[in-house]
2 protein chains.
Amino acid sequence: MYRIGELAQLCEVKADTLRFYEKHGLLSPSSRTDSGYRIYTEADAERLRFILRAKAVGFTLAEITELLSIELDKSNWACADVKGMVDDKLASVEAKIAELNHFQLSLQRLSQACCGGPESAEHCSILEALESNTDSIRCENDKHGFAEHEFTKACTDKQDPI
Amino acid sequence: MYRIGELAQLCEVKADTLRFYEKHGLLSPSSRTDSGYRIYTEADAERLRFILRAKAVGFTLAEITELLSIELDKSNWACADVKGMVDDKLASVEAKIAELNHFQLSLQRLSQACCGGPESAEHCSILEALESNTDSIRCENDKHGFAEHEFTKACTDKQDPI
DNA sequence: ATAAACCTTGGAGTTGTATCCAAGGTCAAG
DNA sequence: CTTGACCTTGGATACAACTCCAAGGTTTAT
């Protein structure tokens, strides 16, 4: 039997989060004290751990609600249903990864094209790339108008294609 | 000179999005007609394209606001400032990718452990994994109580470790 | 002259996951 | 019997980036 603060500490979440989960139907305390304090049982704690594990593999709370309803009525569901949820989530996670990989590649290219020095950004390759729709990014080598030996190193160093 | 719907169509965004950008200080039309219609110039369109390109590499609108203020006052900023923003964004994108890769791996393991068949979820490996804090996931081979030849194939097929 | 297609504004709603607050009640220790 | 730590509720706030709505004004084509 735990009070809200105890369960929160035990599972490393905030008491506010437990109230939030209750409001959204994920986890309700099994009982209350006479004065209204929430009392969670060990079974409640297990349910919370289920929620947290599901969160740890990427499920949203809405999806976890669905998983919990399956969990409580297993015999009326098939493995296919559960695996379907996992595979759907996997697909969406992979789609998100693909998008972020795209961002990553673009950002790496932008970073490589810029000397990153104290020179004025007037000829910054990054800004130029954002100004025009060219896919190729020109390195700002020699654009800054400083003595070449001073500032070109960073850029030439990074010229190897990705 | 474009009206809001024309610019929206040209750049493949919604007119609502342009009003939203205006409300948030990213892009204001250069003028209005007597009757109050927004009129965007070619320079406005270019600014919009800058915004969209920055979005396409992962910047948030708040970050784009910052980039735009640098863009309009380049000489008072250094390459280091711009590259710093790119590198910060790159780091955050990579952190997010790492998190999603973690989700992906976990989901793949869960998916592999489950036969995904029409059997009752009573012995579903996925649910069992979410119920207990074990890191290793037991395959549900033979747990369903059906004739072995019928349902074990999917699971044994996928036994190779990740 | 009228209908269709466009535009205006302010504001609300969405998704997701909390976090924080104020005003007040409860409980255990000293 | 007071202090401090805990608990209650409802509601506000936050982020991100839109998206939609209603009620009305404007433009354009026929």
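Naming convention: chains lettered A, B, ... in sequence-line order (proteins, then strands); numbering from 1 in each chain.
Using a distance-only test at 3.5 Å, with no hydrogens or angles considered, a donor-acceptor pair links the side chain of B/Asp44 to the main chain of B/Ser30.
Taking a 6.0 Å sphere around NZ of A/Lys74, one finds it holds more than 12 heavy atoms contributed by other residues, nucleotides or ligands. Heavy atoms of other residues, nucleotides or ligands lying less than 6.0 angstrom from CD of A/Glu42 number more than 12. Counting non-hydrogen atoms of other residues, nucleotides and ligands closer than 6.0 Å to CD of A/Gln9 gives a total of 12 or fewer.
No donor-acceptor contact under 3.5 angstrom links the side chains of B/Ser69 and B/Glu66, judged on distance only.
Per the geometry, CZ belonging to B/Arg19 stands 7 Å off P belonging to C/dC7, to the nearest Å. Rounding to whole angstrom units, CE of residue B/Met1 and P of C/dC7 are separated by 16 Å. The distance between atom NZ of B/Lys23 and atom P of C/dG10, rounded to the nearest whole Å, is 9 Å. In this structure, A/Leu61 atom CG and C/dT15 atom P are separated by 14 Å, rounded to whole Å. In this structure, A/Leu18 atom CG and C/dA18 atom C1' are separated by 12 Å, rounded to whole Å.
Using a 4.0 Å cut-off between a side-chain N of Lys or Arg and a carboxylate O of Asp or Glu, B/Arg19 and B/Glu22 do not qualify as a salt bridge.
No hydrogens or angles were tested; on distance alone, nothing pairs the side chain of A/Tyr37 with the base of C/dC27 as donor and acceptor under 3.5 Å.
Residue whose closest nucleotide on DNA chain C sits further toward the 5' end, between A/Asp34 and A/Asp16: A/Asp16. If B/Thr60 and B/Arg3 are placed on DNA chain D by their nearest nucleotide, the residue sitting closer to the 5' end is B/Thr60. Along DNA chain D, the nucleotide closest to B/Gly58 and the one closest to A/Gly36 are compared, and the more 5′ of them pairs with A/Gly36.
Mapping heavy-atom proximity under 4.0 Å, the span of DNA chain D touched by chain A runs 5' to 3' from D/dC6 to D/dT9.
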